[in-house]
K.L.:
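Structure below; questions to follow.
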4 protein chains.
Amino acid sequence: MNTKTKRKTDPALAQARREQVLCAAADCFKRKGYHGAGMAEISRTAGMSAGHIYNYFASKEAIIESIIERDMEELFSVFQEFEDQPGNLVTILLNGLDSGVERHIDVDQGALDLEMQSEAARNEKVARLLRKSDLQAREKMRSLLVGERSPIKAAKAAEIDSRIEVMFALMNGLLMRKILNPSIDKELLLIAVRPAMKTLITPFD
Amino acid sequence: MNTKTKRKTDPALAQARREQVLCAAADCFKRKGYHGAGMAEISRTAGMSAGHIYNYFASKEAIIESIIERDMEELFSVFQEFEDQPGNLVTILLNGLDSGVERHIDVDQGALDLEMQSEAARNEKVARLLRKSDLQAREKMRSLLVGERSPIKAAKAAEIDSRIEVMFALMNGLLMRKILNPSIDKELLLIAVRPAMKTLITPFD
Amino acid sequence: MNTKTKRKTDPALAQARREQVLCAAADCFKRKGYHGAGMAEISRTAGMSAGHIYNYFASKEAIIESIIERDMEELFSVFQEFEDQPGNLVTILLNGLDSGVERHIDVDQGALDLEMQSEAARNEKVARLLRKSDLQAREKMRSLLVGERSPIKAAKAAEIDSRIEVMFALMNGLLMRKILNPSIDKELLLIAVRPAMKTLITPFD
Amino acid sequence: MNTKTKRKTDPALAQARREQVLCAAADCFKRKGYHGAGMAEISRTAGMSAGHIYNYFASKEAIIESIIERDMEELFSVFQEFEDQPGNLVTILLNGLDSGVERHIDVDQGALDLEMQSEAARNEKVARLLRKSDLQAREKMRSLLVGERSPIKAAKAAEIDSRIEVMFALMNGLLMRKILNPSIDKELLLIAVRPAMKTLITPFD
DNA sequence: CATGAATGAGTTTTCATTCAT
DNA sequence: TATGAATGAAAACTCATTCAT
């Protein structure tokens with residue numbers, strides 16, 4: 001009664017169904033891994049028949065690709081926040097560490113990231129998507145580091161690149177630490193993360 | 001005449017066979033991943049029948065577990081080297097970075113590590129092994145950092161722990177960087193890895 | 001006002017819808033084969049929903065059965081033409097060969113015929129329909145061959161039957177030839193088809 | 001004890017298994033059609049697990065391809081017989097008609113032929129095999145018709161080709177006749193087949 | 001009348017594992 | 001000890017058919 005609401009396919013329903021599948025799949029992948037989770041389990045989790053999923057996704061691969069794309073957008077927004085904040089860059093980034101570390105040691109989301117990373121080593125399509133996402137993140141970071149507010153804006157391009165790589169490596173590596181040593185927590189990590197990151201965003205020597 | 005060398009299982013031969021399988025499997029897993037490599041391929045690579053492998057390993061899973069154990073020993077020996085070297089600890093560790101970075105951005109071995117890491121998120125046995133290995137590595141490193149030669153030997157336990165976690169995170173994170181950005185190389189990374197590591201093994205402030 | 005033209009099923013519309021489906025299905029079957037064409041494609045081609053087709057046909061099988069029935073009527077009309085033409089029977093039939101050969105080496109339609117034929121070998125309903133159609137065709141042909149204008153009207157029944165069977169065999173066999181040797185064309189075939197058919201409609205010896 | 005009989009794969013067994021599968025598959029295809037017969041049924045008929053079949057054939061398609069190849073060799077031997085027989089060609093071919101007609105109205109084998117023919121209309125690989133087989137048959141026949149003993153050895157190439165095509169069409173068409181009119185038998189058909197074939201292997205006019 | 005979302009049994013194929021020899 | 005033939009359960013995916021709207 002509210003709108004036209006009747007004739008033809010309802011795109012809102014379709015979108016809802018896609019989300020349903022995406023969430024269910026992400027959940028299954030976290031628990032069982034991409035290869036370990038079958039369409040049967042995903043469909044059960046999503047509350048719809050396996051066959052029906054194929055009305056929304058062309059293949060199991062298409063599902064993980066969609067998950068990656070969804071995550072990409074989220075990642076992007078994190079970096080946008082840094083850019084939008086006023087004031088001293090070092091302060092901004094170091095302040096961001098708190099939530100950054102927290103986000104990176106979330107094993108639940110991390111398990112999925114790891115899974116995608118593993119898949120990328122063997123699946124070119126997945127690799128391409130992940131790299132695209134990563135490229136955007138690096139560019140965002142570079143624009144911060146060479147910006148007016150940056151204490152290292154004068155550094156050579158290679159040095160900037162290296163700093164970015166190592167910052168990212170450090171943060172991403174935290175996930176593995178949490179998996180291998182579940183007893184660590186954010187506060188403990190920050191003790192050393194902060195000085196290390198500071199080194200990475202201020203001039204060497 | 002003395003040994004007869006035939007009757008009943010020769011334990012040396014059995015061990016050799018196990019090694020054969022382990023090497024073949026590691027090779028296959030690197031190329032195709034744990035799920036991508038089949039027992040058929042492994043047996044072909046190992047030069048023995050698929051059925052026969054089951055005389056030495058209870059399952060495919062048991063194989064990867066053995067590989068992990070084998071890798072543990074290797075990792076252990078790397079740390080032993082640091083300990084055995086004379087002189088200034090900072091110098092030793094920074095000098096070790098060169099080969100350390102190189103080892104950590106070997107995507108072939110790394111892809112397997114990643115897969116094992118992923119597997120750990122859901123396979124308790126694998127997790128336990130990996131953690132045991134990691135624990136040993138951390139202890140080795142701690143013994144270095146609190147040793148006589150260490151510039152931070154006076155630091156609090158939590159700080160030491162944090163430093164170790166972050167060093168490991170950084171190094172392990174390099175693998176992901178290499179996967180997401182294959183164009184990076186050791187030299188580029190070392191530009192920022194060195195200062196960051198130096199920060200992590202010298203007193204803060 | 002008189003018909004109200006809406007309430008309850010309009011039989012004319014229903015018939016039109018059936019035709020729509022039949023044409024679409026025949027089209028799809030020619031292009032993809034009976035098994036290769038899905039209800040989804042048929043419904044798309046027919047411009048109606050898949051579900052709706054089931055208001056007119058009980059099953060996919062029912063559709064092909066209807067197609068067969070429709071084709072039967074068409075075939076029938078071909079024979080009617082011969083009967084209606086005046087003059088010498090031999091001339092009429094030989095003149096008809098030109099278009100007859102052409103029709104029989106149309107692989108698109110033919111592929112469907114072949115599939116129906118195959119289906120007949122295991123689907124009794126299809127077999128019955130095809131045989132009914134064939135029986136009518138044979139009877140039409142027999143009435144021509146024993147008619148006043150026929151040069152073999154005096155032949156024994158078995159001989160007439162044999163001639164009809166062989167004529168039909170020859171014409172139907174052309175389709176297989178075209179499939180196995182796509183390079184042949186109507187003109188080439190007519191070189192030998194004409195004398196062979198002439199033999200079959202004139203007294204032996 | 002008889003031979004070495006032990007070490008390594010026994011190729012005789014493998015061959016036997018292949019035959020087993022081929023026969024079972026041919027049987028199933030006759031009864032249910034290529035698409036209608038599932039691997040499950042084939043494996044049941046062959047008395048081995050579905051999975052095991054894949055040790056001998058790469059796919060279901062590979063099975064039908066092997067069947068075609070097997071049939072090709074058989075067909076070839078039929079033509080060889082004609083060539084090897086001494087005496088008048090017309091007599092030889094007309095004498096061969098008896099068994100030829102019989103072979104062509106064997107609906108059991110024929111159902112399979114039809115199935116393969118149908119498949120060829122949609123499956124290029126199958127089509128290629130069938131055409132290769134057919135080409136050999138045509139060439140064999142041509143060599144007979146242009147040979148020393150042939151009454152039409154002087155005919156133009158196109159005419160020879162046409163005669164061959166029509167002879168083959170006629171014989172292959174008999175199968176369809178038998179399917180559409182199961183009451184016909186060899187004797188009845190021969191009444192008209194013989195004169196028609198005679199026309200096709202003697203000079204026109 | 002008409003839709004298309006939803007189902008579930010079915011498809012071919014793969015593969016870790018077992019076992020007679 | 002060693003083989004590889006054999007299995008069977010699972011995988012991803014398809015599709016004719018049903019049904020609430």
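Below, read A as the first sequence line, B as the second, and so on, with proteins coming before strands; counting in each chain starts at 1.
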K.L.:
What's the shortest heavy-atom distance between D:S66 and D:F57, and which atoms?
P.N.:
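Looks like OG-CE2, 3.5 Å.
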K.L.:
Counting only side-chain heavy atoms from C-beta out, which of E:dT3, F:dC13, E:dT12 sits nearest to D:M39?
P.N.:
E:dT12
K.L.:
Do D:L130 and D:E119 have side chains that get closer than 4.5 Å, going by heavy atoms?
P.N.:
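Counting from C-beta outward, D:L130 and D:E119 never come under 4.5 Å.
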K.L.:
How far apart are the closest heavy atoms of D:T45 and D:D27, and which atoms are they?
P.N.:
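The pair with the smallest heavy-atom distance is CG2-OD2, 4.2 Å.
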K.L.:
Mind calculating the distance between CG (C:N55) and P (E:dG4) to the nearest angstrom?
P.N.:
14 Å
K.L.:
Rounded to whole angstroms, how far apart are CD on B:E41 and C1' on E:dT14?
P.N.:
14 Å
K.L.:
Go through F:dT3, E:dT13, F:dG8 for me and flag the one nearest to the D:K60 side chain.
P.N.:
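For D:K60, the side-chain atoms sit closest to E:dT13.
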K.L.:
Find which nucleotide of DNA chain F each of A:E61 and C:E61 is nearest to by heavy atoms, and output the residue with the more 5' nucleotide.
P.N.:
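First, find each residue's nearest nucleotide; the 5'-ward one identifies A:E61.
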K.L.:
Looking at every non-hydrogen atom in both residues, tell me the closest pair between B:E115 and B:F29 and how far apart they are.
P.N.:
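The answer is OE1-O, 4.5 Å.
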K.L.:
Tell me which nucleotide among E:dT7, F:dA6, F:dA2 gets nearest to the side chain of B:R17.
P.N.:
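Nearest listed nucleotide: F:dA2.
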K.L.:
Using a heavy-atom cut-off of 4.0 Å across all strands, would you classify D:A37 as base, sugar-phosphate, or nothing?
P.N.:
sugar-phosphate
K.L.:
In whole angstroms, how far is the C1' atom of E:dT12 from the CD1 atom of D:I63?
P.N.:
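The answer, rounded to whole Å, is 11 Å.
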K.L.:
To the nearest Å, give me how far apart CZ (A:R18) and P (E:dA5) are.
P.N.:
13 Å
K.L.:
So C:S43, base contact, sugar-phosphate only, or nothing? Heavy-atom distance under 4.0 Å.
P.N.:
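Here C:S43 touches no strand at all.
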K.L.:
Find the distance D:R44:CZ to F:dT7:C1' and express it as a whole number of Å.
P.N.:
16 Å
K.L.:
When all nucleic acid strands are considered with a 4.0 Å heavy-atom cut-off, which category describes B:A62: base, sugar-phosphate, or nothing?
P.N.:
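B:A62: no heavy atom of the nucleic acid under 4.0 Å.
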K.L.:
Which part of the nucleic acid, if any, lies within contact of A:G38, taking any heavy atom under 4.0 Å across all strands shown: a base, the sugar-phosphate backbone alone, or nothing?
P.N.:
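Result for A:G38 = sugar-phosphate.
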K.L.:
Kindly indicate whether the side chain of A:Y54, heavy atoms from C-beta on, has any atom under 4.5 Å from the side chain of A:M39.
P.N.:
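They are in side-chain contact.
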K.L.:
Select from C:M48 and A:G51 the residue whose nearest nucleotide in DNA chain E is closer to the 5' end of that strand.
P.N.:
C:M48
K.L.:
Could you check how far CD1 of C:I42 sits from C1' of E:dG4, rounded to whole Å?
P.N.:
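These atoms are roughly 17 Å apart.
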K.L.:
Would you indicate which nucleotide in E:dA5, F:dA5, F:dT3 comes nearest to any side-chain atom of D:H52?
P.N.:
F:dA5
K.L.:
Which atom names give the shortest non-hydrogen contact between B:V21 and B:A46, and what distance separates them?
P.N.:
CA-CB, 4.2 Å
K.L.:
Evaluate the criterion side chain to side chain contact (heavy atoms under 4.5 Å, CB included) for residue pair B:D71 and B:Q109; output intermediate values, then yes/no.
P.N.:
CA-CA 10 Å; B:D71 286 357; B:Q109 172 64 37; 3.5 Å; yes
K.L.:
To the nearest angstrom, how far is C:Y34 atom OH from F:dC15 atom C1'?
P.N.:
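To the nearest whole Å, that distance equals 12 Å.
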K.L.:
On DNA chain F, nearest-nucleotide positions of B:L13 versus D:I53: which is more 5'?
P.N.:
B:L13
K.L.:
Give the dot-bracket string for DNA chain F, reading 5' to 3', where a pair is Watson-Crick or G-U wobble with both distances under 3.5 Å, ( ) marks pairs inside the strand, [ ] marks pairs crossing earlier ones, | marks a partner on another strand, and . marks unpaired.
P.N.:
.||||||||||||||||||||
K.L.:
Take atom NE2 of D:H35 and atom P of E:dT12, then tell me their distance rounded to the nearest Å.
P.N.:
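After rounding, the gap between these two atoms is 10 Å.
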K.L.:
Nearest nucleotide by nearest heavy atom, which residue falls closer to the 5' end of DNA chain E, D:A50 or A:Y56?
P.N.:
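It is A:Y56, whose closest nucleotide lies nearer the 5' terminus.
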K.L.:
Taking only N and O in the side chain of A:Y54, is any of them less than 4.0 Å away from OP1 or OP2 of F:dT14?
P.N.:
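Answer is no, no contact under 4.0 Å.
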K.L.:
Looking only at heavy atoms, which two atoms of C:R70 and C:C23 are closest? And how far apart?
P.N.:
NH1-SG, 3.3 Å
